[in-house]
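Keep in mind that what you see is a predicted model, and the values were worked out from it rather than measured. Any value given below was found using the heavy atoms of this structure, including those in side chains, with hydrogens, waters and symmetry copies removed.
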Amino acid sequence: ESAALQAASLVDQLSDLHSLDGSGIALERRPADLRRTVEAAKDQMEAIARGHALRYTGSVESVMVDYDERRIQRVLQNLISNAIKYSPSGGDIDINIRADGRDAAISIRDHGIGIPEADRGHVFERGYRANTVGAIPGTGLGLFISSEIVKRHGGSIACRAADGRGTVFEVRLPLARLHGAAERVQELPGHRAGPAVADRPIVHRDDRDQFPRRAREERLVRSE
């Protein structure tokens, strides 16, 4: 299972690289709860997390983002895979998602070999590998492709030294926003329906009204 997952990841990387070299990546974006994608990436990477505990902490609020679920999940899988690979001595991998102002922020922290300050500004360049990787295998493409995908969502990706030891990668994506003066909302039991506020981040504070998991299901938004 681990070998199949790694092989599939490499094929996906090469496919995206081909798209970047050609006409560009065509994103299939739709509003969805980003927490679901983070949880799915974490669950899938458990297969290769030998010697590591993947610890997930997330907002109790739905974090709505207009994004390509398949590709953002691949970005997160790559970051979690790197955290595992560059922590050869084991240790926890901490994964967190939260709403931060107008952005959704996802952080992935390891307790591994770290990235020297001189290398941090280059790790998202095509083919670049930090001096500390030694004999650990890699193509130098994963972070480059991940960065390009995030940029095409209007977001950003960065890395910094973790407190103590290791590295923190953070992905930021704009929260989904409503457009227009008002939109019709679905009246739910126990809630008063009303017009949705225009042009504001969508963050739901009531887990009783969770968004469905299936990719094509949609639900109208109630106002807070």
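Contact check for Met64 versus Asp33: side-chain heavy atoms found under the 4.5 Å cut-off. Here the side chains of Ile84 and His52 are in contact, with some heavy-atom distance below 4.5 Å. Side-chain atoms of Thr37 and Tyr67, non-hydrogen and from C-beta on, do get closer than 4.5 Å to each other. Ile108 is not listed as a side-chain neighbour of Asp94, based on a closest heavy-atom distance of 4.5 Å or more. Contact annotation: the side chain of Val38 approaches that of Ile95 to within less than 4.5 Å [non-hydrogen atoms, C-beta and beyond]. Residues Phe144 and Glu125 fail the side-chain proximity criterion, which asks for heavy atoms closer than 4.5 Å. Inter-residue side-chain proximity for Glu28 and Arg71 is flagged as unmet; no heavy-atom pair is nearer than 4.5 Å.
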Please assess Ser81 against Ile48 for the test side chain to side chain contact (heavy atoms under 4.5 Å, CB included), listing each intermediate value before the final yes or no. CA-CA 8 Å; Ser81 175; Ile48 65 170; 4.0 Å; yes
So Arg152 and Glu148, salt bridge (charged side-chain N to carboxylate O under 4.0 Å, His left out) or not? Walk me through it. CA-CA 6 Å; Arg152 282 162 170 74; Glu148 291 300 313; 2.7 Å; yes
Side chain to side chain contact (heavy atoms under 4.5 Å, CB included), that's the test. Do Ser87 and Ile113 meet it? Break it down for me. CA-CA 6 Å; Ser87 304; Ile113 60 177; over 6 Å; no
Full working for side chain to side chain contact (heavy atoms under 4.5 Å, CB included) between Asn96 and Ile106: CA-CA 6 Å; Asn96 175 266; Ile106 307 162; over 6 Å; no
Could you walk me through whether Ile72 and His153 pass the side chain to side chain contact (heavy atoms under 4.5 Å, CB included) check? CA-CA 9 Å; Ile72 292 299; His153 282 79; 3.8 Å; yes
List the steps, then state whether side-chain hydrogen bond (donor to acceptor under 3.5 Å, both in side chains) holds for Arg35 with Ser62. CA-CA 7 Å; Arg35 295 180 308 170; Ser62 297; 3.3 Å; yes
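Between the CD atom of Gln77 and the CG atom of Asn82 there is a distance of 12.0 Å, given to the nearest 0.5 Å. If you take CD1 on Ile80 and CG on Leu54, they are separated by 6.5 Å, rounding to the nearest 0.5 Å. For the atom pair Asp110 CG and Leu79 CG, the distance stands at 10.5 Å (nearest 0.5 Å). With rounding to the nearest 0.5 angstrom, the OG atom of Ser59 is 10.5 Å from the CG atom of Leu34.
Between Gly154 and Pro174, the shortest heavy-atom contact is O-CG, 3.5 Å. Nearest heavy-atom pair across Ala40 and Gln73 is CB-OE1, 3.9 Å. Scanning all heavy atoms of the two residues, the minimum distance from Cys159 to Ile115 falls at SG-CD1, 4.4 Å. What you find for Ala99 and Leu175 is that their closest heavy atoms are CB-CD1, 4.4 Å.
No side-chain donor-acceptor contact under 3.5 Å links Arg98 to the backbone of Val63. Asp103 contributes no side-chain N or O that, together with a main-chain N or O of Ala105, makes up a donor-acceptor pair within less than 3.5 Å. A donor-acceptor pair is defined here as one N or O able to donate and one able to accept, closer than 3.5 Å; such a pair exists between the side chain of His111 and the backbone of Asp92. Remark: the backbone N or O of Arg30 is paired with a side-chain donor or acceptor of Asp66 at under 3.5 angstrom.
Between the side chains of Thr167 and Arg109, no donor-acceptor pair of N or O atoms lies under 3.5 Å.
Salt-bridge formation is not detected for the pair Arg29/Glu69: no Lys NZ or Arg NE/NH1/NH2 atom is positioned less than 4.0 Å from an Asp or Glu carboxylate oxygen. With respect to Arg172 and Asp100, a salt bridge is recorded, a charged nitrogen being found less than 4.0 Å from a carboxylate O. For Lys42 and Glu46, the salt-bridge test passes: some basic side-chain N is under 4.0 Å from an acidic carboxylate O.
The aromatic rings of Phe169 and Phe124 sit perpendicular, their planes meeting at an angle over 60°, well past the 30° parallel limit.
Val168 and Ile157 fall into different hydrophobic clusters, where Ile, Leu, Val, Met, Phe, Trp and Tyr side chains are chained together by heavy-atom contacts under 4.5 Å.
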